[in-house]
Amino acid sequence: MKLQFKIDDRYLIHFASKRYHSKPANFNLFLLWTPLVDRIHKKYRDTPAYYFLNFSNNEHISWAAEELLIASAFPGKSFNSTFCKIVSDMERIYDDIRRSKEFKQLRKETEQHLLQVSKQWDLNKKFTLSFIQEVTGITLPNKTITVFITHPKLANGRALITHNAILWGHEEDWKNYHTVYLCHELMHILTWHTQKDYAVMHALIELMTDNELRIRLNGKGEYFTENGQLVGHKDLQELEQKILPIWQNYLAGKLKAKNIFELEKYIIKKGIA
């Protein structure tokens with residue numbers, strides 16, 4: 001199994017603009033981003049394609065969709081040709097943004113983040129992939145997972161199951177943070193089609209990666225906290241605490257469960273979830 005790291009300009013623009021409108025005040029990055037947003041809005045605010053780029057509130061997407069549908073209803077027009085015009089306009093806006101000094105700075109910092117993440121992964125991948133295979137009982141498939149990197153200040157982390165892809169960009173909150181959470185997302189890809197209960201499997205993934213892998217990689221630590229910070233999703237903590245003794249017995253080889261899927265079934269049968 002291989003992880004391939006890359007930056008896609010369109011997605012980088014999309015995610016940054018979405019984050020800008022959700023909570024820009026939290027990021028110094030957007031002190032430089034704001035002039036670009038203002039320029040693009042002024043230039044393209046009457047163009048429906050603009051609103052598919054998340055540079056405005058989602059309510060405007062409804063207006064843009066109506067423009068698309070009505071435009072395609074006139075004689076001599078078609079839905080396909082109108083939609084192609086939208087795509088062409090979107091590409092024009094993307095190109096405009098790519099040429100801006102604000103985006104070039106964002107891209108440069110994201111490239112630096114990619115190097116940091118990929119370097120850490122290269123250092124840890126042999127140990128980490130062996131750990132996953134040993135603990136889960138899953139034979140890792142011979143496939144490439146594409147990791148799309150975004151700016152570290154924008155806090156991105158998600159698995160795209162159908163595309164064998166991971167979306168990632170985050171500051172290093174503690175040592176080996178990137179490795180641990182790339183494995184977290186990788187585990188969602190590996191378990192998605194076989195798991196029986198999402199909450200139980202997600203809790204097991206956090207016990208395995210956020211906690212056990214973190215401690216083994218760093219040579220120290222404890223479950224559920226790191227440097228006084230909560231580790232993992234707060235809404236899974238109660239379930240994880242209930243599962244923890246079973247998880248520890250599983251790691252010690254004291255259960256009949258041969259892999260993580262049998263462990264999941266055992267927990268479900270116990271009625272813990």
Side-chain angles (χ1 to χ4, degrees), residues 1-16 18-19 22 54 110 113-114 116-122 124-125 127-174 176-214 217 226 230-237 239-240 243 247 259-261 263-264 267 273:
M1 176 165 279
K2 178 183 177 182
L3 266 58
Q4 179 182 50
F5 299 89
K6 67 180 295 184
I7 298 169
D8 180 82
D9 284 352
R10 294 185 189 88
Y11 178 62
L12 184 59
I13 291 167
H14 164 86
F15 190 74
K18 183 171 70 172
R19 276 286 193 253
S22 63
N54 278 308
T110 304
H113 187 48
L114 184 150
Q116 179 192 30
V117 174
S118 60
K119 182 178 179 180
Q120 186 182 114
W121 177 256
D122 285 342
N124 292 329
K125 64 184 178 182
F127 174 86
T128 299
L129 293 177
S130 177
F131 168 84
I132 290 175
Q133 196 157 258
E134 172 195 342
V135 171
T136 65
I138 298 173
T139 301
L140 298 181
N142 183 22
K143 69 167 88 174
T144 297
I145 306 297
T146 303
V147 182
F148 292 94
I149 298 293
T150 52
H151 196 282
K153 290 185 180 295
L154 302 183
N156 194 12
R158 188 159 62 92
L160 298 180
I161 310 299
T162 56
H163 299 289
N164 288 320
I166 294 171
L167 311 176
W168 181 254
H170 206 287
E171 294 186 289
E172 181 88 334
D173 287 353
W174 27 260
N176 291 312
Y177 189 93
H178 304 307
T179 300
V180 167
Y181 282 104
L182 285 172
C183 286
H184 180 122
E185 301 305 334
L186 181 58
M187 281 301 300
H188 281 302
I189 294 174
L190 292 172
T191 59
W192 185 263
H193 296 294
T194 309
Q195 69 186 20
K196 302 300 181 184
D197 186 298
Y198 175 74
V200 171
M201 185 56 74
H202 198 178
L204 288 172
I205 288 171
E206 288 205 351
L207 289 171
M208 173 187 162
T209 59
D210 303 30
N211 293 286
E212 187 66 26
L213 176 60
R214 168 176 54 85
L217 278 172
E226 179 70 29
L230 175 71
V231 173
H233 289 83
K234 187 175 181 179
D235 59 353
L236 283 175
Q237 290 279 304
L239 176 58
E240 288 172 7
I243 290 174
W247 169 249
N259 56 53
I260 199 166
F261 300 114
L263 176 60
E264 178 198 31
I267 291 168

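Predicted, not measured: the structure shown is a model, and the values here were computed from it. What's counted below: heavy atoms across the whole structure, side chains too, no hydrogens, waters or symmetry copies. One-based numbering along the sequence shown.
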In terms of ring plane angle, is the pair F131 and F127 parallel, tilted or perpendicular, where the classes change at 30° and 60°?
parallel
Heavy-atom nearest pair, A165 first then I189, reads O-CD1, 3.8 Å
Does the side chain of N164 come within less than 4.5 Å of T144's, by heavy atoms?
no
Contact check, side chains of L167 and T150, non-hydrogen atoms, under 4.5 Å:
no
Taking all atoms of both residues into account, what is the closest heavy-atom pair of L239 and A199, and its distance?
CD2-O, 3.6 Å
Output the distance between atom CG (N259) and atom CD (Q133), rounded to the nearest 0.5 Å.
12.0 Å
Flag yes if more than 12 heavy atoms outside D235 fall under 6.0 Å of its CG atom; otherwise flag no.
yes
P141 to L190 - nearest heavy-atom pair and separation:
CD-CD2, 3.7 Å
Nearest 0.5 angstrom please: S130 OG to K125 NZ, how far?
14.0 Å
Does L204 reach the side chain of V200, with side-chain heavy atoms less than 4.5 Å apart?
yes
Sequence neighbours left out, what passes side chain to side chain contact (heavy atoms under 4.5 Å, CB included) with D9? Give chain and number order.
I7, R98, F103, R107
Donor-acceptor contacts, no H, no angles, side chain residues 180-187, under 3.5 Å, sequence neighbours left out:
residue	atom	partner	partner atom	Å
Y181	OH	D210	OD2	3.2
H184	ND1	D210	OD1	2.8
H184	NE2	H188	NE2	3.2
H184	NE2	H202	NE2	3.3
E185	OE1	A159	N	3.2

Could you tell me which residues satisfy salt bridge (charged side-chain N to carboxylate O under 4.0 Å, His left out) with E171, sequence neighbours excluded, listed by chain and number?
K153
Rounded to the nearest 0.5 angstrom, the CD1-CD distance for I205 and E240 is 10.5 Å
State whether a side-chain donor-acceptor pair under 3.5 Å links W121 with H178.
no
Can you list everything that forms a side chain to side chain contact (heavy atoms under 4.5 Å, CB included) with K6? Sequence neighbours excluded, please.
T146, F148
Between V117 and F5, the two heavy atoms sitting closest are CG1-CE2, 3.7 Å
I'd like to know if the side chain of Q237 and the backbone of V231 have a donor-acceptor N/O pair within less than 3.5 Å.
yes
With sequence neighbours excluded, residues passing ring-ring contact (aromatic ring centres under 6.0 Å, His included) with F261:
none
Which pair of non-hydrogen atoms, one from I260 and one from I138, has the smallest distance, and what is that distance?
CG2-CD1, 4.2 Å
Distance-only donor-acceptor check, side chains E172 and Q120, under 3.5 Å:
yes
Does R158 have any salt bridge (charged side-chain N to carboxylate O under 4.0 Å, His left out) partners at least two apart in sequence or in another chain, and if so, which?
none
Would you check if the side chain of D8 reaches a backbone N or O of Y11 as a donor-acceptor pair within less than 3.5 Å?
yes
Validation row: I161, H193 side chains within 4.5 angstrom (heavy atoms):
yes
Minimum heavy-atom separation for L129 and L140, please, with both atom names.
O-CD1, 3.7 Å
Looking at Q195, is its backbone amide N or carbonyl O close enough to the side chain of E264 to form a donor-acceptor pair, meaning the two atoms are under 3.5 Å apart?
no
L263 side chain reached by W247 side chain, heavy atoms, under 4.5 Å
yes
